[in-house]
Peer 1: 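This is the structure, below, for whatever I ask next.
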2 protein chains.
Amino acid sequence: MSAREQRQVASDTGLSKQRVVVEAFRLADREGVDGLSMRRLAGALGAGAMSLYHYVASKEELLDAMIDVVFEEIELPSEETGWQPAMRRRAVSARQVLARHPWAIGLMESRTSPGPANLRHREAVTACLRRAGFSVVMATHANWLLDSYVYGFALQEASLPFDTADELADLAEDVYLPQLPPDEFPYLNESAAALVAAGYDPAEEFIFGLDLVLAALEPLRTSA
Amino acid sequence: MSAREQRQVASDTGLSKQRVVVEAFRLADREGVDGLSMRRLAGALGAGAMSLYHYVASKEELLDAMIDVVFEEIELPSEETGWQPAMRRRAVSARQVLARHPWAIGLMESRTSPGPANLRHREAVTACLRRAGFSVVMATHANWLLDSYVYGFALQEASLPFDTADELADLAEDVYLPQLPPDEFPYLNESAAALVAAGYDPAEEFIFGLDLVLAALEPLRTSA
DNA sequence: TGACAGATCGTACAGCGTACGAGAATAGTA
DNA sequence: TACTATTCTCGTACGCTGTACGATCTGTCA
């Protein structure tokens, strides 16, 4: 057993690619992606900055690996239910995961080579659609539509500067409404008022659009 | 007339917030957002790096302003057609603009305070939906769904590492397929083959999903 | 024991955003 | 025209970044 393999097993002491990536993931959760530097990461691992480069070729590769950990966290579509419940569950899971790790969605634009968990995920989704009777072409369309919705929703949610309904109400009153003269922005005022009155739950909002999309996809299936 | 106002007019000589932001926009188009540094931007403007800070409080503010320029480029929904053609046109325009400036979508996650063009855009979209008979709540749902689709599509498109069908074919053969063993990823192989055979046009793909979404929203209108 | 490979990391470099404050240019007033 | 006040420009410097390079240290095997 080489020293390296030993290190991979003994997770408490010694480094490994796994430990580096997972700690980077945690650090990004804690401090945001801007707070993730090689030196700080090394510090959190009790190592010197340059030691990390034995496990990771560059920071870019580290970010790629972090994104793949995100995909590992997303539920794969079940094979035991209909395609709609299966896609619904995996989409809900994806949104939850992306909401829990808001740094991830911002990283995706710049990552171009999908990792293994990403590939496994795509394969499972495509399999689910194809088995449900979508043609190759229609499965591609469905994939784009569903993923666009999930990622776009996550992107918008990540850029909301509040986390709770209370914060929303405060922000609306103190920041938004003052810069929205009612005569120039009548409809935004109307919306803002309704939003503050009713509160706002991103999970519910997400489900609403998701169910519309799923229903719209149903007729694209070839077999009934 | 103050010196500053004069500078804002005389665009050839002298700086102004406009000139700084527009040049930053161009630089990002040319070199990507990673190539945009205050020093390089100053160089492109023939000025010292610190001079920029007279027109822009920080790089963050500069990025905010750049995003707002992006929104200025997006067509507002027309008031003279039905809501569907209007929303269709503005969504198509938004995708085009975001595809032309791929750095923009990556910036959106971190921008939390919308600029004036952004606000104008949202107001116009909401107005269009409300006038078409969507209730306040339904207009909010429609807004989320449409914007999620547009942004998510743009995000996925920006992370595609190819621009033309030829590049796609080359990449598929040289990079993707080799890492997709057919027994482990049968469906992805199937999709990849179909994609290479048929070519791939993001504009068409976008329209397909967009029309599904628009049709799905139609029944949410209160008045016929 | 000696040799070799794997792992660690100190140092250094170029580049980043920007705080500070000095100096130049311009505008307003007498 | 002369003096002052304001606006604008930017050189220097600080603390941070990713990482190239090479020295060192650790552990394995002959």
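In the text below, chain A, chain B and the rest are named by the order of the sequence lines, each starting its count at 1. No experiment lies behind these values; they were computed from the predicted model shown.
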Peer 1: Taking only residues two or more places apart in sequence or in another chain, which ones pass side-chain contact (heavy atoms from CB on, under 4.5 Å) with A203(A)?
Peer 2: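 A203(A) satisfies side-chain contact (heavy atoms from CB on, under 4.5 Å) with R95(A), D201(A) only.
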Peer 1: Would you say that W144(B) contacts P202(A) through its side chain, given a criterion of any heavy-atom pair below 4.5 Å between the two side chains?
Peer 2: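 The answer is no; the side chains never approach within 4.5 Å.
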Peer 1: Taking atom C1' of dG6(C) as reference, at what distance in whole Å does atom NZ of K17(A) sit?
Peer 2: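 Taking atom C1' of dG6(C) as the reference, NZ of K17(A) is at 17 Å.
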Peer 1: Below 4.0 angstrom from OP1 or OP2 of dA7(C), is there any side-chain N or O of Y55(A)?
Peer 2: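 Negative; the distance criterion is not met.
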Peer 1: Measure NE2/H54(B) against C1'/dA19(C) and give the value in whole Å, please.
Peer 2: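 Rounded to whole Å, this separation is 14 Å.
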Peer 1: Do nucleotides 16-25 of chain D as a string where each nucleotide becomes B, S or -: B if the base has a protein heavy atom under 4.0 Å, S if just the sugar-phosphate does, - if no protein is that close.
Peer 2: -BBBBB----
Peer 1: Apply side-chain contact (heavy atoms from CB on, under 4.5 Å) to R122(A) and list each qualifying residue two or more places apart in sequence or on a separate chain.
Peer 2: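 Checked R122(A) against side-chain contact (heavy atoms from CB on, under 4.5 Å); matches are N118(A), L188(B).
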Peer 1: Restricting to side-chain contact (heavy atoms from CB on, under 4.5 Å), what partner residues turn up for E167(B), sequence neighbours left out?
Peer 2: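 Partners of E167(B) by the side-chain contact (heavy atoms from CB on, under 4.5 Å) criterion, ordered by chain and then number, come out as F162(B), D163(B), T164(B).
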Peer 1: With sugar-phosphate meaning primed atoms plus P, OP1 and OP2, does A47(A) contact a base, only sugar-phosphate, or nothing at under 4.0 Å between heavy atoms?
Peer 2: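 The answer is sugar-phosphate, as A47(A) gets under 4.0 Å only of primed atoms, P, OP1 or OP2.
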Peer 1: Sequence neighbours left out, what passes side-chain contact (heavy atoms from CB on, under 4.5 Å) with V21(A)? Give chain and number order.
Peer 2: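 K17(A), L62(A), A65(A), M66(A), V69(A).
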Peer 1: In whole Å, I'd like the distance from the CG atom of L45(A) to the P atom of dC9(C).
Peer 2: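 Between P of dC9(C) and CG of L45(A): 11 Å.
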Peer 1: Excluding sequence neighbours, so at least two apart, what forms side chain to side chain donor-acceptor pair (under 3.5 Å) with E123(A)?
Peer 2: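 If we apply the side chain to side chain donor-acceptor pair (under 3.5 Å) test to E123(A), skipping adjacent residues, there are no hits.
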